[in-house]
K.L.:
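One structure, as structure tokens, below. Some questions next.
This structure is a prediction, so every number in the text was calculated from the model and none was measured. Heavy-atom basis, side chains included; hydrogens, waters and symmetry copies ignored.
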Amino acid sequence: METKCGQVNMNELGIKLSYSRPVALSDPYQDFDPSELTQIINTPDTEVAWNELSCIFQAYLPAGAYEECAYFVPHALNFIEGDTDTAGDLATHFIWWIAENKSNLVNDGVYNSLLLFFQKLLAKKISLFELKENKDGYLYPENCAWIEFIISSFNEYPVFNSLGDEWLIELLGKVTTFAQAAWTLHFIRDYYQHDQYARMNSRIIEKWSKDRDKLNKIQNLIIEEVFDKTDMITQYWSRMLNEAGI
């Protein structure tokens, strides 16, 4: 299902929409200045990026009607698939748009394919756990914000029926690898360190945070992987285990 460059192949997923490029955006909620809409339409397809897509698919206040926005779906998916800092943010807007337009997307035969796109991309990102260092010397998991945005969004809207947690169970329900242990620990630690408004929206993480057998498996896999690493790495994991109550 993946291309040689590691991207999810949209053609194989059947994500094809036959809408023409709009000549204007109708601004159904009257939220945009006309000059903003003109700028979006005048932007060539090859240059459509965050500024345009975040307006087109803006949650609760999209810049166009369904048919107008639908043309830009491939652009949105390509952007979300990237590793930019704003990819996850755009995903939250786009997932709202999917929820809001489910019936239209079902009629166009692409609704399930869009869900599968996110499922496969999530699986790809969770299959690896790599720590990055920011400019302040703080270690953090690569793609953590993107993953948290996706899970929270698919758990937020009732139309998805807690699909985010369903995917987490599929990917992390059985902790047998370091990557699975590391991500589960990250999410549990996040659950303990933030209130309900700041942490990832997930009931299964709350349940796992109290599962002692699962926590013991996580601890053993983490210790086995990092016991001979640098002080900076071992200190990071010691702090994560402690802050997750393990």
Side-chain angles (χ1 to χ4, degrees), residues 6-8 50 54 77 79-96 117-156 160 162-209 214-215 217-219 221-223 225-226 229-230 232-246:
Q7 295 180 320
V8 177
W50 161 253
S54 62
L77 297 180
F79 189 88
I80 290 167
E81 198 171 10
D83 293 324
T84 65
D85 292 337
T86 51
D89 196 10
L90 178 64
T92 63
H93 290 281
F94 187 70
I95 292 168
W96 170 87
F117 168 87
F118 280 101
Q119 182 183 14
K120 287 184 174 296
L121 193 52
L122 180 66
K124 173 187 166 186
K125 291 184 181 291
I126 278 186
S127 67
L128 297 172
F129 188 95
E130 296 183 0
L131 290 174
K132 298 293 183 180
E133 185 176 351
N134 67 12
K135 62 182 180 180
D136 298 319
Y138 181 80
L139 295 176
Y140 67 95
E142 186 176 21
N143 294 316
C144 61
W146 188 99
I147 291 170
E148 290 163 10
F149 278 137
I150 300 305
I151 297 298
S152 292
S153 295
F154 277 106
N155 282 336
E156 178 179 354
F160 298 128
S162 299
L163 191 55
D165 274 354
E166 183 179 318
W167 290 340
L168 279 182
I169 293 169
E170 177 184 319
L171 296 169
L172 302 177
K174 294 181 179 180
V175 179
T176 60
T177 68
F178 169 72
Q180 290 173 322
W183 279 117
T184 308
L185 174 61
H186 171 78
F187 297 139
I188 291 174
R189 180 260 180 189
D190 182 73
Y191 170 78
Y192 278 114
Q193 293 300 308
H194 299 95
D195 62 28
Q196 61 179 323
Y197 302 105
R199 62 186 176 223
M200 188 171 72
N201 178 3
S202 171
R203 291 185 178 180
I204 194 63
I205 294 300
E206 179 180 3
K207 179 180 178 181
W208 287 346
S209 72
K214 195 176 191 74
L215 296 177
K217 288 180 182 178
I218 290 169
Q219 182 180 35
L221 284 165
I222 296 294
I223 292 174
E225 175 73 18
V226 306
K229 297 296 190 293
T230 64
M232 186 176 185
I233 297 296
T234 55
Q235 287 172 10
Y236 170 86
W237 287 110
S238 294
R239 178 166 57 87
M240 291 299 104
L241 289 166
N242 181 62
E243 292 180 354
I246 301 178

K.L.:
Once side chain to side chain contact (heavy atoms under 4.5 Å, CB included) is applied, do any residues pair with N155, and if so which ones, sequence neighbours excluded?
P.N.:
I151, S162, D165, N201, S202
K.L.:
Would you please name every residue forming a side chain to side chain contact (heavy atoms under 4.5 Å, CB included) with N242, sequence neighbours left out?
P.N.:
none
K.L.:
Check the surroundings of atom CZ in R203: do more than 12 heavy atoms from other residues, nucleotides or ligands lie under 6.0 Å from it?
P.N.:
no
K.L.:
Keeping S153 on the side-chain end and I150 on the backbone end, is there a donor-acceptor pair under 3.5 Å?
P.N.:
no
K.L.:
Quick one: list whatever passes ring-ring contact (aromatic ring centres under 6.0 Å, His included) with F178, sequence neighbours left out.
P.N.:
W237
K.L.:
Just wondering, do E81 and F117 contact through their side chains at under 4.5 Å, heavy atoms?
P.N.:
yes
K.L.:
Is the shortest heavy-atom distance from the side chain of Y236 to the side chain of V226 under 4.5 Å?
P.N.:
no
K.L.:
Could you state the interatomic distance from CZ (F149) to CD1 (I95), rounded to the nearest 0.5 Å?
P.N.:
10.5 Å
K.L.:
What distance do M240 atom CE and L131 atom CG have between them, rounded to the nearest 0.5 Å?
P.N.:
9.0 Å
K.L.:
Is there a side-chain contact between I205 and D190 (heavy atoms, below 4.5 Å)?
P.N.:
no
K.L.:
Measuring from K125:NZ to W146:CH2, what's the distance to the nearest 0.5 Å?
P.N.:
5.5 Å
K.L.:
Under 4.5 Å between any side-chain heavy atoms of W96 and E156, yes or no?
P.N.:
no
K.L.:
Contact between Y191 and M200 at the side-chain level, heavy atoms closer than 4.5 Å - yes or no?
P.N.:
no
K.L.:
Taking atom CG of N143 and atom NZ of K132, what is their separation to the nearest 0.5 Å?
P.N.:
9.0 Å
K.L.:
For Q193, enumerate each residue passing the side-chain hydrogen bond (donor to acceptor under 3.5 Å, both in side chains) test, keeping only those at least two apart in sequence or located in another chain.
P.N.:
none
K.L.:
Which residues satisfy the ring-ring contact (aromatic ring centres under 6.0 Å, His included) test with F118, sequence neighbours excluded?
P.N.:
F154
K.L.:
Go through the structure and list residues passing side chain to side chain contact (heavy atoms under 4.5 Å, CB included) with I223, not counting sequence neighbours.
P.N.:
Q219
K.L.:
Can you pull out every side-chain hydrogen bond (donor to acceptor under 3.5 Å, both in side chains) where at least one residue sits in residues 171-183? Sequence neighbours excluded, please.
P.N.:
T176-Q180, T177-Q180
K.L.:
Once rounded to the nearest 0.5 Å, what's the spacing between atom OH of Y140 and atom CD of E130?
P.N.:
11.0 Å
K.L.:
Strictly distance-based, threshold 3.5 Å: is any side-chain N or O of D136 a donor or acceptor partner for the main-chain N or O of Y138?
P.N.:
no
K.L.:
Applying side-chain hydrogen bond (donor to acceptor under 3.5 Å, both in side chains), can you list everything that pairs with H93, at least two apart in sequence or on another chain?
P.N.:
none
K.L.:
If you look at every heavy atom in A179 and I126, which pair is closest and at what distance?
P.N.:
CB-O, 4.1 Å
K.L.:
Are the side chains of I233 and L139 in contact, using a 4.5 Å heavy-atom criterion?
P.N.:
yes
K.L.:
Looking only at heavy atoms, which two atoms of S209 and I188 are closest? And how far apart?
P.N.:
CB-CG2, 3.8 Å
K.L.:
Can you list everything that forms a side chain to side chain contact (heavy atoms under 4.5 Å, CB included) with K214? Sequence neighbours excluded, please.
P.N.:
V175, T184, W208, D211, I218
K.L.:
For the atom pair CD1 (I204) and CG (L168), what is the distance rounded to the nearest 0.5 Å?
P.N.:
8.0 Å
K.L.:
Which residue pairs pass the salt bridge (Lys or Arg N to Asp or Glu O under 4.0 Å) test with at least one member in residues 177-189, sequence neighbours excluded?
P.N.:
R189-E243
K.L.:
Could you pull out the closest heavy-atom pair between G82 and A87, with the gap in Å?
P.N.:
O-CB, 3.6 Å
